[in-house]
Amino acid sequence: MKRMYGEPFPSLAHRYIYSFMIATPEKANPECGVDEDSQRQFQSFLRSMLEILYSDPALIGMPLLEDKLAGQEEKSELQQMRSKIETKWNQFIDFLVKLGVVGQVEGESLLVSGSAVKIKPRIGQMEAVGLQVQVQGTDYRITCPDFPCMFAAYVYHATRQRKPGRVARRSFAMGYSGWRTETALDCYGSFYPDSSFLKAVEEYCQTNGYTCLNDEWDNRTVRWEKDYKQSKRIMFSVFSEIWRQYQVMYTIRVSDFHAVFAEFESMSDGLREMIMEKASKCSGCKYCIQTDKTGSKPLAVSHLQHRGVTKAVCSYYPFWALHEVSSERAEQLIELMQIADRVLTAKYGLRRK
């Protein structure tokens, strides 16, 4: 399938389904008690299912609404459009999860009691995504000719969803269990148009004292963190953004960006240009002083000047969601982290583990 990095989709439903197809499938977990071949077959089934639904979202009743993004219409209208799409998707995934929760694996099939779940209304949808249903009295026997050994893994992923919700649904639909730490290159290297960007930044993090972390229930969010005294840190994160033009984005955060921006004049010309172009302006939202009871705390804003242009930069979240990937951008971020490391080490001291 074509890599849709920043591209428009045929509909919002296509955009939503595609967001499940971006991350590289998780490797088989050798310690979960499920045959690894069953795990691989379940991953293959999920991929096949997603491709089928992407080709025709209406198979599960998802409306084909125009692919609009934030800023192209009223926020309430956009939320209504997304809600219609997500509701149909959630209902279908919840149904699949329930099959795994109430079903019993019998050889190369899943036996489900007709009293436990209403299967008949969805038989057409099940068959459309590659499942076959046989009626046996009041029960149903479900098989998958293309992936016959997948049901042990199917049940494992269905029953490990500790509580329902958006994140649990995404974990099931991606066959994700979070059993091992994965880098952003592991997760998104095949999706990014220039994987050398991730490779360069993560190699820097790996060799300079950063720890790689995954958020188990946030579907392949990857964080590289380096900690300093007084709870200060530097963090490089890569995460999914379903409804944004670029569905995988990254951010760099520093606990004391104000001190880092004080070194602006010592930065390379390329890094200064990136900051002037990409750093968020201070909007006066006052988020940075919302807990100040004295009224004396100043806004977290840095006034920077480059080539005759002055910019008031937010020093809380100046680089919240970036998407540009190139070797040049990797060099700029690495330089920024190097300066931040020097500043935070001198000001606070490195926290020893």
**OP:** Answer whether the closest heavy-atom distance between the side chains of W89 and F20 falls below 4.5 Å.
**Re:** yes
In a table with atom names and distances, give each donor-acceptor pair under 3.5 Å that connects a side chain of residues 259-274 to protein atoms at least two apart or in another chain.
residue: S266; atom: OG; partner: E263; partner atom: O; Å: 2.7
residue: S268; atom: OG; partner: L271; partner atom: N; Å: 3.2
residue: S268; atom: OG; partner: E335; partner atom: OE1; Å: 2.6
residue: S268; atom: OG; partner: E335; partner atom: OE2; Å: 3.4
residue: D269; atom: OD1; partner: H306; partner atom: NE2; Å: 3.3
residue: D269; atom: OD2; partner: R307; partner atom: NH2; Å: 2.8
residue: R272; atom: NE; partner: M267; partner atom: O; Å: 3.2
residue: E273; atom: OE2; partner: R307; partner atom: NH1; Å: 2.8
residue: E273; atom: OE2; partner: R307; partner atom: NH2; Å: 3.1

Subject >> Side-chain (W179) to main-chain (E26) donor-acceptor, under 3.5 angstrom >> reply: no
Subject >> CD-CG distance between Q80 and L65, expressed to the nearest 0.5 angstrom >> reply: 11.0 Å
**OP:** Answer yes or no: is there a donor N or O on one side and an acceptor on the other, between the side chain of R329 and the main chain of F197, under 3.5 Å?
**Re:** no
**OP:** Please confirm whether the backbone N or O of G175 pairs with a side-chain atom of Q43, one donor and one acceptor, at under 3.5 Å?
**Re:** yes
Original post:
In Å and rounded to the nearest 0.5 Å, what is the OH to CZ distance from Y5 to R3?
Top reply: 10.0 Å
Subject >> Electrostatic pair R15:D67 at N-O distance under 4.0 angstrom >> reply: yes
**OP:** Nearest 0.5 Å please: distance from the CZ atom of F257 over to the CD1 atom of I234.
**Re:** 8.5 Å
Subject >> Side chain D341, main chain M337, donor-acceptor under 3.5 Å >> reply: no
Original post:
Can you say whether the rings of F9 and Y54 are parallel (under 30°), tilted (30 to 60°) or perpendicular (over 60°)?
Top reply: perpendicular
Subject >> Partner residues of K88 under the salt bridge (Lys or Arg N to Asp or Glu O under 4.0 Å) criterion, sequence neighbours left out >> reply: none
Subject >> Donor-acceptor under 3.5 Å (K311 side chain, A279 main chain) >> reply: yes
Original post:
Distance-only, no hydrogens or angles: does the S48 side chain make a donor-acceptor pair with backbone N or O of S44 under 3.5 Å?
Top reply: no
Original post:
Under the 3.5 angstrom rule, does the side chain of E225 hit a backbone N or O of T211 as a donor-acceptor pair?
Top reply: no
Subject >> Inter- and intrachain pairs under side chain to side chain donor-acceptor pair (under 3.5 Å), touching residues 99-109, at least two apart >> reply: E106-R141, S109-R141
Subject >> Main-chain N/O of S83 paired to T87 side chain as donor or acceptor, under 3.5 Å >> reply: yes
Original post:
Side chain of Y18, backbone of M4: donor and acceptor closer than 3.5 Å?
Top reply: yes
Original post:
Has R170 got its NZ or CZ under 6.0 Å from the middle of the six-membered ring of Y176, at an angle within 45 degrees of the ring axis?
Top reply: no
Original post:
Pick one: which of Y246, W320, Y250 meets ring-ring contact (aromatic ring centres under 6.0 Å, His included) with F239?
Top reply: W320
**OP:** Keeping the roles fixed (side chain from S240, backbone from I242), state whether a donor-acceptor pair exists under 3.5 Å.
**Re:** no
**OP:** Determine, stepwise, if the pair K232 / D256 fulfils salt bridge (charged side-chain N to carboxylate O under 4.0 Å, His left out).
**Re:** CA-CA 7 Å; K232 305 299 180 181; D256 192 348; 5.7 Å; no
Original post:
Quick check: are there more than 12 heavy atoms from other residues, nucleotides or ligands sitting under 6.0 Å from NZ of K297?
Top reply: yes
Original post:
In Å and rounded to the nearest 0.5 Å, what is the SG to OH distance from C187 to Y192?
Top reply: 11.0 Å
